[in-house]
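Comments concern the structure below.
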Amino acid sequence: QVTLAESGGGLVQAGGSLRLSCVLSGGTFSRYAMGWFRQAPGKEREFVARISWSGGSSTYYKDSVKGRFTISRDNAKNTVYLLMNNLKPEDTAVYYCAASSSTFGQSGFNSWGQGTQVTVSS
């Protein structure tokens, strides 16, 4: 059974940076596309970024984070990262990583982590 564990969240001022990490265990990491999602208080969970399986040659981002966030993966460490620069108060949310057995997440994400809180102060 695949399990995911996020870390790296915290409190940061607007304009600051954070790097989230997510370690996958219980599966062959390179065979999963990975994604990051977030849920703000009172809102539904939304997509943030995803990266294709294997070498991670393909990435895709929510429009509002393009140019600020970067998703990457290290298959040797079974870890996916989300580097977040120029953070804004509207980025405040619980961030979740997720795994998909399809090449780019096109069939959905079926394994989820517990989430890590990111709070951006103005």
**Prompt:** Can you pull the side chain to side chain donor-acceptor pair (under 3.5 Å) pairs that have at least one residue in residues 41-52, sequence neighbours excluded?
**Reply:** Arg38-Glu46, Glu46-Lys62
Is there a side-chain contact between [X] and [Y] in this structure, where contact means two heavy atoms from C-beta onward sitting under 4.5 Å apart?
X: Thr70; Y: Leu82; answer: no
X: Val48; Y: Tyr61; answer: no
X: Thr92; Y: Val118; answer: no

N/O donor to acceptor pairs below 3.5 angstrom from side-chain atoms of residues 104-111, sequence neighbours left out:
unit_1, atom_1, unit_2, atom_2, d
Gln106, OE1, Phe104, N, 2.8
Gln106, NE2, Thr103, OG1, 3.1
Ser107, OG, Ser102, OG, 3.0

**Message:** Centroid separation under 6.0 Å, is that true for the rings of Phe37 and Trp112?
**Reply:** yes
**Asked** Any side-chain donor paired with an acceptor under 3.5 Å for Ser17 and Asn85?
**Response** yes
**Request:** Ignoring hydrogens and angles, tell me if any N or O in the side chain of Glu6 forms a donor-acceptor pair with the backbone of Thr116 under 3.5 Å.
**Result:**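 No, because the side chain of Glu6 does not come within donor-acceptor range (under 3.5 Å) of the backbone of Thr116.
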**Request:** Start with the C-alpha gap between Met84 and Tyr95, add the side-chain angles, then the distance that decides, and say whether side chain to side chain contact (heavy atoms under 4.5 Å, CB included) holds.
**Result:** CA-CA 12 Å; Met84 305 183 294; Tyr95 283 71; 3.9 Å; yes
**Prompt:** Is it the case that more than 12 heavy atoms not belonging to Lys77 sit under 6.0 Å from its NZ atom?
**Reply:** no
**Request:** Verify the neighbour count for atom CD of Gln114: are there more than 12 heavy atoms of other residues, nucleotides or ligands below 6.0 Å?
**Result:** no
Do [X] and [Y] sit in the same hydrophobic cluster, where Ile, Leu, Val, Met, Phe, Trp and Tyr count as joined when their side-chain heavy atoms come under 4.5 Å apart?
X: Trp36; Y: Val2; value: yes
X: Phe47; Y: Tyr96; value: yes
X: Trp53; Y: Phe29; value: no
X: Val12; Y: Leu20; value: yes

**Asked** Charged N to carboxylate O below 4.0 Å: is that the case for Lys88 and Asp91?
**Response**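 Looking at Asp91 together with Lys88, the answer is no, because their closest N to O distance does not fall below 4.0 Å.
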Once you round to the nearest 0.5 Å, how far does [atom1] of [X] lie from [atom2] of [Y]?
X: Thr59; Y: Phe69; atom1: OG1; atom2: CZ; result: 14.0 Å
X: Met34; Y: Ile51; atom1: CE; atom2: CD1; result: 9.5 Å
X: Ile71; Y: Ser58; atom1: CD1; atom2: OG; result: 11.5 Å
X: Ser100; Y: Arg31; atom1: OG; atom2: CZ; result: 14.5 Å

**Request:** Check Ser30 against Asn75 and note the closest heavy-atom contact, atom names and distance.
**Result:** CB-ND2, 3.7 Å
**Request:** Kindly give the heavy-atom pair with the smallest separation between Thr79 and Ser21, and that separation in Å.
**Result:** CG2-CB, 4.2 Å
**Asked** Within 45° of the axis and under 6.0 Å from the centre of the six-membered ring of Tyr81, does NZ or CZ of Arg73 qualify?
**Response** no
**Item:** Those residues that, when tested against Thr3, pass side chain to side chain donor-acceptor pair (under 3.5 Å) (two or more places apart)
**Value:** Ser25
